[in-house]
Amino acid sequence: MPAKYGLEGVKWLFAGSISIRNRNIISFTGSQSKDLIGYIFGGVGSLAFLVVLYLVWQLNGQQSEYPLVMRIKLLASLSFVLFMLSWIASSLLL
């Protein structure tokens, strides 16, 4: 049974759910209290988003791409965890 939205739908869902807007909100609020730290987090978060988005956009929906999909999933999850841990650490230390 074919998927309702297909591969393109999944790509657009990913792009929308992990949007640059969310990181901009975080970096803006961080810049209000920590100046440069907020902008650094916004830039690093946007860079990680663009790398993952590029990798997702290269997928063709083939079964042979499964290992790559799992690596992309791991990369996205780790970048989020590192982002949040560094945000917490900067809030506690600075």
Side-chain angles (χ1 to χ4, degrees):
M1 181 171 147
K4 183 174 181 180
Y5 299 104
L7 181 62
E8 292 303 312
V10 171
K11 290 177 181 181
W12 283 108
L13 176 66
F14 173 80
S17 66
I18 308 176
S19 67
I20 292 175
R21 180 192 67 210
N22 295 335
R23 271 173 312 289
N24 287 344
I25 291 169
I26 292 172
S27 64
F28 175 74
T29 57
S31 68
Q32 298 303 304
S33 61
K34 304 281 189 211
D35 293 329
L36 184 60
I37 296 292
Y39 296 117
I40 290 171
F41 281 111
V44 170
S46 295
L47 181 63
F49 167 74
L50 292 173
V51 168
V52 172
L53 183 65
Y54 173 77
L55 293 172
V56 167
W57 227 258
Q58 300 303 310
L59 296 175
N60 296 314
Q62 304 296 320
Q63 188 173 2
S64 61
E65 294 175 328
Y66 183 78
L68 177 59
V69 169
M70 290 297 105
R71 283 195 299 271
I72 293 170
K73 181 179 172 184
L74 179 65
L75 174 65
S77 298
L78 286 177
S79 66
F80 176 75
V81 169
L82 290 175
F83 180 81
M84 293 309 296
L85 287 175
S86 59
W87 183 262
I88 291 168
S90 71
S91 297
L92 295 174
L93 298 176
L94 298 177

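Along the sequence shown, the residues carry numbers beginning at 1.
In terms of hydrophobic clustering, with Ile, Leu, Val, Met, Phe, Trp and Tyr side chains grouped at heavy-atom distances under 4.5 Å, Leu75 and Tyr66 are assigned to a common cluster. Tracing side-chain contacts under 4.5 Å through hydrophobic residues (I, L, V, M, F, W, Y), one never reaches Leu53 starting from Leu78; they form parts of separate clusters. Cluster membership for Leu59 and Met70, using ILVMFWY side-chain heavy atoms within less than 4.5 angstrom, is shared.
Between the CG atom in Asn60 and the CG atom in Leu68 there is a gap of 10.0 Å [rounded to 0.5 Å].
Closest heavy-atom contact between Lys11 and Trp57: NZ-O, 3.1 Å.
The shortest side-chain heavy-atom distance between Val69 and Val56 does not fall under the 4.5 Å cut-off.
Taking the side chain to side chain contact (heavy atoms under 4.5 Å, CB included) definition, one finds that Gln63 meets it with nothing, sequence neighbours left out. For the side chain to side chain contact (heavy atoms under 4.5 Å, CB included) test, residues two or more places apart in sequence or in another chain that qualify with Gln58 are Tyr54.
Counting non-hydrogen atoms of neighbouring residues, nucleotides and ligands closer than 6.0 angstrom, the CH2 atom of Trp12 reaches no more than 12 such neighbours.
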